[in-house]
Trainee: 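Take this structure, written in structure tokens, and hold onto it; I'll ask about it next.
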Amino acid sequence: MQEHERKFLVTSLNFQKEAKKIIPIKQGFLQNVPERLVRIRIAGDRGLITIKGIASPDGISRKEWEYEIPAADAEELLDLCIPPTLNKERYIVPEGKHSYEVDVFHGENEGLIIAEIELNHPQETFSKPEWLGHEVTGDIRYYNVSLLTKPYSTWE
């Protein structure tokens with residue numbers, strides 16, 4: 001399945017008032033090479049395994065498959081992941097005909113807040129709330145897997 005996603009920094013906490021749901025997330029990676037990654041995630045009480053292919057040059061599109069697995073299996077698989085794991089809270093914020101997923105990171109990535117929006121095609125138009133900041137789509141520093149090896153707190 002092809003995924004089309006844009007990422008933005010967040011400039012204020014106003015999104016929290018608009019959120020319809022907050023999901024705690026813990027995730028790790030079983031494999032991380034440029035051609036593919038395999039992610040294990042516990043999102044609330046759901047276990048998920050995700051396989052992602054290489055991103056397009058602009059970072060918007062990539063192949064992605066995600067499947068629900070038993071949460072207990074996801075817990076065990078997290079123990080097999082390349083350390084460390086990533087912790088964040090995801091706020092689901094409706095905006096027009098889409099929803100933003102706003103991730104508030106914890107641990108060594110504390111202070112980083114990223115909003116993502118999934119689109120039906122790369123050129124699809126979408127509304128931008130006032131708290132949406134600079135676009136970071138395609139900037140690999142903001143990929144979750146990159147935040148594990150070079151956390152936000154270590155940036156200059």
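Throughout, numbering of the chain's residues begins at 1 and tracks the sequence.
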Trainee: For the atom pair CG (Leu148) and CD (Glu108), what is the distance rounded to the nearest 0.5 Å?
Mentor: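 One finds 9.5 Å between CG of Leu148 and CD of Glu108.
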
Trainee: Give the intermediate values and the outcome of side-chain contact (heavy atoms from CB on, under 4.5 Å) for residues Glu101 and Ile92.
Mentor: CA-CA 5 Å; Glu101 296 178 340; Ile92 307 300; 3.9 Å; yes

Trainee: Test side-chain contact (heavy atoms from CB on, under 4.5 Å) on Tyr100 and Lys128 and set out the steps.
Mentor: CA-CA 10 Å; Tyr100 282 91; Lys128 297 178 180 177; 4.1 Å; yes

Trainee: Would you please test Glu3 and Glu66 for side-chain contact (heavy atoms from CB on, under 4.5 Å) and show each step?
Mentor: CA-CA 11 Å; Glu3 169 191 60; Glu66 185 168 77; over 6 Å; no

Trainee: Report the distance from atom OG1 of Thr137 to atom CZ of Phe8, rounding to the nearest 0.5 Å.
Mentor: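 That separation rounds to 5.5 Å.
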
Trainee: Any donor-acceptor pair under 3.5 Å linking the side chain of Ser56 with the backbone of Ser61?
Mentor: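 Yes.
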
Trainee: Roughly how far, to the nearest 0.5 Å, is the CG atom of Leu86 from the CG atom of Asn144?
Mentor: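 Asn144 CG to Leu86 CG: 5.0 Å, rounded to 0.5 Å.
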
Trainee: If you round to the nearest 0.5 Å, how far is OG of Ser127 from CD1 of Ile117?
Mentor: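 Those atoms lie 6.5 Å apart.
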
Trainee: For Phe15 versus Val93, what's the shortest heavy-atom pair and its separation?
Mentor: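 Residues Phe15 and Val93, closest heavy atoms: O-CG2, 3.9 Å.
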
Trainee: Please determine which of Gln27, Arg41, Arg39 meets the side-chain hydrogen bond (donor to acceptor under 3.5 Å, both in side chains) test together with Thr50.
Mentor: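 Of the listed residues Gln27, Arg41, Arg39, the side-chain hydrogen bond (donor to acceptor under 3.5 Å, both in side chains) partner of Thr50 is Arg39.
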
Trainee: Is Gln2 close to Lys63 at the side-chain level, that is, under 4.5 Å between some pair of heavy atoms?
Mentor: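 Result yes, sub-4.5 Å side-chain heavy-atom pair found.
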
Trainee: Where is the tightest heavy-atom contact between Ser12 and Trp131, given as atom of each residue plus distance?
Mentor: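 Smallest heavy-atom distance, with atoms named: OG-CB, 3.4 Å.
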
Trainee: Nearest 0.5 Å, please: how far is OG1 in Thr11 from CD in Glu130?
Mentor: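 Here the rounded value is 6.5 Å.
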
Trainee: May I ask whether Ile40 and Val145 are part of the same hydrophobic cluster, defined by side-chain heavy atoms of I, L, V, M, F, W, Y residues being less than 4.5 angstrom apart, directly or through others?
Mentor: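 Looking at the clustering, Val145 is in a separate group from Ile40.
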
Trainee: Does some side-chain heavy atom of Phe126 sit less than 4.5 Å from a side-chain heavy atom of Glu95?
Mentor: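 Not touching, per the 4.5 Å side-chain cut-off.
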
Trainee: Quick one, Leu13 and Val104 - any side-chain contact, counting heavy atoms below 4.5 Å?
Mentor: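 No, too far: nothing below the 4.5 Å cut-off.
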
Trainee: So does Ile140 have more than 12 non-hydrogen atoms from other groups sitting under 6.0 Å from CD1?
Mentor: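 Not more than 12 within 6.0 Å, no.
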
Trainee: Can you get from Tyr67 to Val38 by hopping between Ile, Leu, Val, Met, Phe, Trp and Tyr side chains that sit under 4.5 Å apart?
Mentor: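 Linked within one cluster.
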
Trainee: Any side-chain to backbone donor/acceptor pair from Arg62 onto Gly53? Under 3.5 Å, distance only.
Mentor: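 Checking the backbone N and O of Gly53 against the side chain of Arg62, a donor-acceptor pair under 3.5 Å is found.
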
Trainee: Taking the side chain as C-beta and beyond, is there a heavy-atom pair between Glu116 and Arg90 under 4.5 Å?
Mentor: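 Yes. Closest side-chain heavy atoms under 4.5 Å.
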
Trainee: Nearest 0.5 angstrom please: Leu78 CG to Asp73 CG, how far?
Mentor: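 Going from the CG atom of Leu78 to the CG atom of Asp73 covers 11.0 Å.
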
Trainee: So, the side chain of Asp103 versus the backbone of Ile114: is there a donor-acceptor pair under 3.5 Å, distance only?
Mentor: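 No, the answer is negative, given that no donor and acceptor are paired below the 3.5 Å cut-off.
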
